[in-house]
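Below is one structure, written out as structure tokens; comments come after it.
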Amino acid sequence: EAVCHLVDSRVGLQKTDLELFELIGESGFAGDVIIVLTKVDKKSARAAEVLAAVRQAAPAARVVSTSSKEGIGRAALWRALKGVVVPESS
């Protein structure tokens, strides 16, 4: 089981993101939490700030920075999802 949540790195965390992280924590969810920072190819002055905020809000989550335009983080995202989305062979 896993939760994979996308956060636009130009916008940062929204109230609903924080509510989701709180809900995950309160629920006792024991699966993987993967936060995908999108649009990291856009040179945002907030990028480091957003990454720090994500890590503070969801310290146990795995954070993967990505850009669909540049292909950044594609391999890292597949590694994070391996075994979670693609069923293991029996």
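Quick note: residue numbers are just sequence positions, from 1.
- From Asp17, atom CG reaches atom CG of Leu6 across 10.0 Å, with rounding to the nearest 0.5 Å.
- No single ILVMFWY cluster, assembled from side-chain heavy atoms under 4.5 Å apart, contains both Val11 and Phe21.
- In terms of heavy-atom proximity, Gly73 sits nearest to Thr66 at O-CG2, 4.1 Å.
- Atoms CG and CD1, from Leu20 and Ile35 in turn, are 8.5 Å apart once rounded to the nearest 0.5 Å.
- Here CG of Leu51 is found 10.0 Å from CG of Leu13. Values are rounded to the nearest 0.5 Å.
- To the nearest 0.5 Å, atom CG of residue Leu81 and atom CZ of residue Arg62 are 8.5 Å apart.
- Scored by the salt bridge (Lys or Arg N to Asp or Glu O under 4.0 Å) test, Glu1 finds no partners at all (sequence neighbours excluded).
- The nearest pair of heavy atoms linking Ser65 to Val40 is CB-CG1, 3.8 Å.
- Of all heavy-atom pairs spanning Arg10 and Asp8, the tightest one is N-OD1, 2.8 Å.
- Scanning both residues, Val64 and Leu77, for their nearest heavy atoms gives CG1-N, 3.8 Å.
- The structure places CD1 of Ile24 at 12.0 Å from CD of Glu19, a figure rounded to the nearest 0.5 Å.
- Remark: side-chain polar atoms of Ser67 are not paired, donor with acceptor, to backbone N or O of Lys39 under 3.5 angstrom.
- Residues satisfying the side-chain hydrogen bond (donor to acceptor under 3.5 Å, both in side chains) criterion with Asp32, sequence neighbours excluded, are absent altogether.
- Both Val54 and Leu18 belong to a single network of hydrophobic side chains, linked directly or stepwise wherever heavy atoms of I, L, V, M, F, W or Y lie under 4.5 Å apart.
- Judged purely by atom type and a 3.5 angstrom limit, Ser9 uses its side chain to pair as donor or acceptor with the backbone of Thr38.
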